[in-house]
Amino acid sequence: MTTLNALDSIDAGSPLATPVPTDDAPLDGFRIGVTSHRRSRDLIEALERRGASVLHAPALKIAPVQEDVTLIEDTKTIIAAKPDICIATTAYGMRRWCEAADSFGIGEQLLDVLAACRMFVRGPKARGAVRAAGLADVGISSDETTATLVDMLLHEGVRGKTVAVQLHGYTDVRQLERLRMSGATVLTVTPYRWVKPDGEDKLPRLIEAACSGDLDVLTFTSAPAVDAMWSTAHEMGMYRQLIEALKTQVTVAAVGPVTAQPLIDAGLSPLIPDRYRMGALIRLVTEHLALNHVRRLDTPSGHIELRGRCLRINGSVVELAPAPLLLLRALLGAGGAVLSRESLSDLLELRGSVHALDMTVSRLRSSLPDGKLVETVVKRGYRLRV
């Protein structure tokens with residue numbers, strides 16, 4: 001569900017587009033939060049090309065390889081252990097692992113060890129990275145989850161075997177424990193670690209925007225980014241407020257089930273594409289907003305279209321302040337039915353103030369090309385003239 005607060009100066013994306021929406025700008029009028037660091041430019045540009053206004057606040061960034069001593073030590077341990085099985089979970093992680101090993105002069109040793117063991121991959125992208133490194137895999141997860149891979153290994157038996165697992169920044173501890181409990185020696189390597197990004201004020205500002213309803217959608221492409229947002233919200237004393245906003249006002253979207261899990265654990269119901277890819281995520285967000293958050297109504301005052309915060313009457317943009325815009329959205333949703341003063345007062349959080357409600361209605365009428373669009377129904381409430 002979206003809300004209708006005005007844009008402010010924290011927008012890091014392009015200005016809100018004003019041309020009449022076309023098939024090329026299906027996100028015109030909507031504001032979307034992006035929390036990713038890696039490949040964020042690709043996501044932002046794709047959203048902006050579709051007409052969205054984007055607020056970018058990377059929750060985390062990946063630490064430079066040169067600073068990651070642990071990565072090299074874990075790689076040397078795996079080379080020395082000569083594992084029987086290796087699990088590759090992500091394409092980026094696999095590539096980064098090989099590149100890091102090369103940079104420290106142990107790349108060939110790593111490839112020799114991986115070539116001698118049985119490689120399992122979590123999905124098609126990881127398979128592509130494994131094969132690009134000149135290696136071959138013997139099994140792939142049917143649903144791109146580590147849990148399914150572990151099911152496969154436990155079915156064939158791992159007792160007495162050494163299993164190397166390339167982690168992907170968000171450790172599924174339960175799957176590692178399942179392997180250990182079944183008698184395997186488990187070694188792990190994390191080719192990328194998450195650290196706080198530069199410009200640490202951006203994430204608090206994104207949280208404030210979500211809590212004030214100044215976003216339509218909040219996107220996540222990694223589970224650690226979700227955890228980082230929860231941690232920052234706790235530090236700000238706004239965690240409960242943020243969760244409530246994401247339940248009632250802002251749509252949450254995750255690129256896949258691994259990313260979605262900490263959102264689900266918090267009681268949210270994120271959008272998750274069938275294919276766990278950025279392009280599929282963008283399509284799902286676009287379809288969801290078009291289906292659920294575009295309001296259109298033909299009235300004697302003209303054709304009304306409301307998309308996010310962008311109101312058009314007969315194709316012309318009409319600027320409204322946040323409260324009148326929220327009021328108009330409710331009236332549009334009623335489609336000409338009467339909304340009581342009590343319900344509108346609750347919606348606007350006016351605590352039953354009749355005067356404050358009447359003032360908001362007056363501001364709405366004065367901002368519209370035809371103030372008669374909003375009708376007063378004596379002793380009952382307000383409605384749109386249809």
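These numbers were taken from a predicted model, which means no experiment stands behind them. Hydrogens, waters and symmetry mates play no part in the numbers below; they use all other heavy atoms, side chains included.
Salt-bridge check for Arg41 with Glu48: passed, with a basic side-chain N closer than 4.0 Å to an acidic carboxylate O.
To the nearest 0.5 Å, the span separating CD on Glu73 from OG1 on Thr77 amounts to 6.5 Å. Between the CD atom of Glu45 and the OG atom of Ser40 there is a distance of 9.5 Å, given to the nearest 0.5 Å. Taking CZ of Arg296 as the start and CG of Leu332 as the end, the distance is 11.5 Å to the nearest 0.5 Å. Here the NE2 atom belonging to His56 is positioned 8.5 Å from the OG1 atom belonging to Thr219, to the nearest 0.5 angstrom. Taken from CG in Asp112 to SG in Cys117, the straight-line distance is 11.5 Å, to the nearest 0.5 Å. In this structure, Leu268 CG and Phe220 CZ are separated by 8.5 Å, a value rounded to the nearest 0.5 Å.
Closest non-hydrogen pair, Arg363 versus Ala321, comes out as NH2-CB, 3.3 Å. The nearest pair of heavy atoms linking Gly139 to Met152 is CA-CE, 4.2 Å. Annotation for Leu320 and Leu311: closest pair CD1-CD2, 3.5 Å, computed over non-hydrogen atoms. In this structure, Lys372 and Arg385 approach most closely via the heavy-atom pair O-NE, 3.2 Å. Listed here is the closest heavy atom pair of Gly33 and Leu215: N-CD2, 3.8 Å. Scanning both residues, Ser36 and Thr221, for their nearest heavy atoms gives CB-OG1, 3.0 Å.
In this structure, the side chains of His293 and Val217 stay at 4.5 Å or more apart for every pair of heavy atoms. Between Leu347 and Leu327 there is no side-chain heavy-atom pair separated by less than 4.5 Å. A heavy-atom distance below 4.5 Å is not found between the side chains of Leu27 and Asp216. Contact of the Ile32 side chain with the Arg50 side chain is not registered, since no non-hydrogen atoms from C-beta on lie closer than 4.5 Å. Annotation: side chain of Glu375 is not in contact with side chain of Val338 (no heavy-atom distance under 4.5 Å). When side chains are defined from C-beta on, Leu368 does not count as touching Ser301, because their heavy atoms never get closer than 4.5 Å. Side-chain contact between Leu364 and Tyr382 is absent, with no heavy-atom pair separated by less than 4.5 Å. At a threshold of 4.5 Å between non-hydrogen side-chain atoms, the residues Ile282 and Leu43 count as touching.
Between Tyr239 and His234, the ring-plane angle classifies as parallel under the 30° and 60° cut-offs.
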**Request:** Go through the steps for Arg283 and Glu287 under the test salt bridge (Lys or Arg N to Asp or Glu O under 4.0 Å), then give the verdict.
**Result:** CA-CA 6 Å; Arg283 284 192 296 275; Glu287 292 167 0; 5.7 Å; no
**Request:** Output, in order, the C-alpha distance, side-chain angles, deciding distance and verdict of side chain to side chain donor-acceptor pair (under 3.5 Å) for Asn314 and Ser316.
**Result:** CA-CA 6 Å; Asn314 288 333; Ser316 298; over 6 Å; no
**Request:** Determine, step by step, whether Phe104 and Thr75 satisfy the side chain to side chain contact (heavy atoms under 4.5 Å, CB included) criterion, reporting the C-alpha distance in whole Å, the side-chain angles of both residues, the deciding distance to 0.1 Å, and the verdict.
**Result:** CA-CA 10 Å; Phe104 281 86; Thr75 300; over 6 Å; no
**Request:** Using the side chain to side chain contact (heavy atoms under 4.5 Å, CB included) rule, take Thr70 and Val189 through it: C-alpha gap first, then chi angles, then the decisive distance, then the call.
**Result:** CA-CA 9 Å; Thr70 302; Val189 61; over 6 Å; no
**Request:** Might you work through the side chain to side chain contact (heavy atoms under 4.5 Å, CB included) test for Leu153 and Glu156, ending with a clear yes or no?
**Result:** CA-CA 5 Å; Leu153 293 177; Glu156 65 176 46; 4.2 Å; yes
**Message:** Using side chain to side chain contact (heavy atoms under 4.5 Å, CB included), reason through Leu384 and Leu328 one step at a time and then give a plain yes or no.
**Reply:** CA-CA 9 Å; Leu384 291 184; Leu328 180 63; 4.1 Å; yes
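In this structure, a donor-acceptor pair under 3.5 Å is absent between the side chains of Arg178 and Thr146. His303 and Asp298 share a side-chain donor-acceptor pair at under 3.5 Å.
Within 6.0 Å of the CZ atom in Arg380, the count of heavy atoms belonging to other residues, nucleotides or ligands does not exceed 12. For Arg180, the CZ atom counts as densely surrounded, since its 6.0 Å shell holds more than 12 non-hydrogen atoms of other residues, nucleotides or ligands.
Put simply, the side chain of Thr232 never gets that close to the backbone of Met229: no donor and acceptor are under 3.5 Å apart. Distance alone, capped at 3.5 Å, is enough to place a donor-acceptor pair between the Ser103 side chain and the Ala100 backbone. Ser212 places a side-chain N or O within 3.5 Å of a backbone atom of Glu208 that can act as its donor or acceptor partner. Counting only distance, with no hydrogens or angles, the side chain of Arg383 and the backbone of Val377 share no donor-acceptor pair below 3.5 Å. The backbone N or O of Asp214 lies less than 3.5 Å from a partner atom in the side chain of Arg309, making a donor-acceptor pair. Counting only distance, with no hydrogens or angles, the side chain of Thr360 and the backbone of Ala356 share a donor-acceptor pair below 3.5 Å. Listed for the Ser141 side chain is a donor-acceptor partner under 3.5 Å among the backbone atoms of Asp143. With Arg295 contributing its side chain and Asn292 its backbone, the two residues share a donor-acceptor pair below 3.5 Å.
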Would you tabulate the side-chain donor-acceptor contacts of residues 158-166 under 3.5 Å, counting partners in other chains and residues two or more places apart, or write 'none'?
{"residue": "Gln166", "atom": "OE1", "partner": "Thr89", "partner atom": "N", "Å": "2.9"}
{"residue": "Gln166", "atom": "OE1", "partner": "Thr90", "partner atom": "N", "Å": "3.3"}
{"residue": "Gln166", "atom": "NE2", "partner": "Thr89", "partner atom": "OG1", "Å": "3.2"}
{"residue": "Gln166", "atom": "NE2", "partner": "Thr90", "partner atom": "OG1", "Å": "3.1"}

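In the hydrophobic clustering of ILVMFWY residues, with side-chain heavy atoms under 4.5 Å counting as a link, Val252 and Leu284 come out apart. Both Leu149 and Val138 are part of a single hydrophobic cluster, where members link through side-chain heavy atoms under 4.5 Å apart. Residue Leu263 is not grouped with residue Leu271 when hydrophobic side chains (ILVMFWY) are merged at heavy-atom distances under 4.5 angstrom, including chains of intermediate members.
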